[in-house]
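Beneath this line is the structure, given in structure tokens, with notes to follow.
All ligand and atom numbering here is 1-based and tracks the order in the structure. Please read all numbers here as calculations on a predicted model, not as lab measurements.
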Amino acid sequence: MISLRNVNRVYPLKGGPFYALRDINLDIQEGDFLSIMGPSGSGKSTLLHILGLHDSAWDGEYYLLGEPVHKLDKKKRFDLQKKHIGFVFQSYHLLDDLTVYENLEIPLSYRDTPKKDRDSIVCDALDRFHIVGKKDLYPNQLSGGQQQLVGVARALVAKPALILADEPTGNLHSDQGREIMQLFKKLNQENGVTIVQVTHSVENASYGSRVVRLADGMIVK
Ligand code: ADP
Ligand code: ADP
């Protein structure tokens with residue numbers, strides 16, 4: 001599903017080039033559940049954002065579902081992203097001037113899901129994440145944990161083949177966190193959804209099938 005070849009991400013800083021990622025080679029099969037671990041600043045988020053097609057200022061080769069991302073223009077990357085990827089952001093990235101309901105509708109509108117089908121899909125998601133009572137509220141009226149649940153729900157509504165999650169349980173109570181990890185595991189095992197998560201938690205990583213460890217922008221294990 002994913003193949004990275006010699007990917008580098010360099011920030012041109014005053015003191016000279018800084019390698020946030022150096023010579024990354026990584027293959028992720030369909031149906032994998034991979035955890036990216038490593039110390040703070042080791043490049044985990046940078047790697048996840050490259051995989052999620054949020055960053056294009058890297059060099060090397062990236063094949064996603066057979067498509068050479070490094071050769072695609074902005075429009076094609078965007079289409080690929082919206083069609084196949086659900087991204088859970090560490091900082092939620094909800095749209096502040098849209099309600100919870102409207103935030104959950106966004107991925108469906110990108111997928112051209114007919115208006116008449118959207119309501120039942122959004123209502124199912126609200127129900128599953130226990131946020132039905134919050135549907136008409138705006139993100140700034142929610143707690144951090146509730147915003148995180150909305151962020152996870154939004155990543156899943158369009159049934160992506162690939163879920164990328166940056167510390168998906170970081171702001172949740174441990175029982176809510178476990179519920180999210182169990183849901184990920186179920187989607188992975190029963191629906192074949194490929195999952196890549198960045199996590200500091202050994203417990204979260206134990207839901208996955210393998211770990212890639214980064215240090216100083218390199219894969220060390
Ligand atoms: P992690 O997710 O493992 O904590 P990041 O991927 O966020 O690490 O960051 C990797 C490295 O890249 C860090 O040293 C960070 O300071 C650096 N970095 C991230 N964004 C920028 C930026 N916009 N400009 C310069 N350096 C950056
Ligand atoms: P059910 O639980 O109704 O028997 P499934 O076992 O097929 O249904 O799927 C479990 C749940 O996961 C369903 O609600 C389904 O809509 C949802 N689902 C299936 N594939 C994905 C996906 N790729 N991303 C998010 N949700 C999905």
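- A perpendicular orientation is assigned to the rings of Y110 and F78, their planes being inclined by more than 60° (bins at 30° and 60°).
- The closest approach between G38 and ligand 1 stays at or above 4.0 Å for every heavy atom of the residue.
- In this structure, atom 21 (C) of ligand 1 has protein heavy atoms in its sub-4.0 angstrom surroundings.
- Ring-plane geometry between H49 and F87 is classed as tilted, the angle between the planes lying from 30 to 60 degrees on a 0 to 90 degree scale.
- Residue S40 has at least one heavy-atom neighbour below 4.0 Å for each of these atoms of ligand 1: 4 (O).
- Scored by the salt bridge (Lys or Arg N to Asp or Glu O under 4.0 Å) test, D79 finds K75 as partners (sequence neighbours excluded).
- Here is the list of ligand 1 atoms found below 4.0 Å of a heavy atom in A20: 12 (O).
- A salt bridge links E105 and K115; the closest N-O separation between the charged side-chain nitrogens and carboxylate oxygens is under 4.0 Å.
- Atom 7 (O) of ligand 1 has S45 CB, 3.8 Å as its closest protein atom, hydrogens excluded (heavy atom only).
- Using bins of under 30°, 30° to 60° and over 60° for the plane-to-plane angle, the ring pair F89/H54 lands in the tilted bin.
- Of the charged side-chain nitrogens involved, at least one lies within less than 4.0 Å of a carboxylate oxygen, so that R178 and E203 count as a salt-bridged pair.
- Inclusion of G41 in the set of residues having an N or O under 3.5 Å from an N or O of ligand 1 is warranted.
- When only interatomic distances are considered, the shortest N/O to N/O separation between L13 and ligand 1 does not fall below 3.5 Å.
- For ligand 1, the atoms sitting less than 4.0 Å from at least one non-hydrogen atom of K44 are 1 (P), 2 (O), 3 (O), 4 (O), 6 (O), 8 (O), numbered in the order shown with element in parentheses.
- Protein heavy atom at the shortest distance from atom 25 (C) of ligand 1 is Y11 CG, 3.4 Å.
- The shortest heavy-atom distance from P39 to ligand 1 is under 4.0 Å.
- Counting the atoms of ligand 1 from 1 in the order shown, those under 4.0 Å from a heavy atom of F18 are 11 (C), 12 (O), 14 (O), 17 (C).
- The closest donor-acceptor contact from the side chain of Q146 to the backbone of S143 lies under 3.5 Å.
- A side chain to side chain contact (heavy atoms under 4.5 Å, CB included) with L26 holds for exactly one of V7, V196, L4; it is L4.
- In this structure, R5 pairs ionically with D27, as a charged nitrogen and a carboxylate oxygen lie closer than 4.0 Å.
- Each of the following atoms of ligand 1 lies closer than 4.0 Å to a heavy atom of S42: 1 (P), 3 (O), 8 (O).
- Among protein heavy atoms, atom 8 (O) of ligand 1 sits closest to G43 N, 3.2 Å.
- Using a 4.0 Å threshold on non-hydrogen atoms, atom 16 (O) of ligand 1 does not count as touching the protein.
- Counting protein heavy atoms only, atom 5 (P) of ligand 1 is closest to T46 OG1, 3.6 Å.
- In this structure, OG on S209 lies 10.5 Å from CD on Q29, to the nearest 0.5 angstrom.
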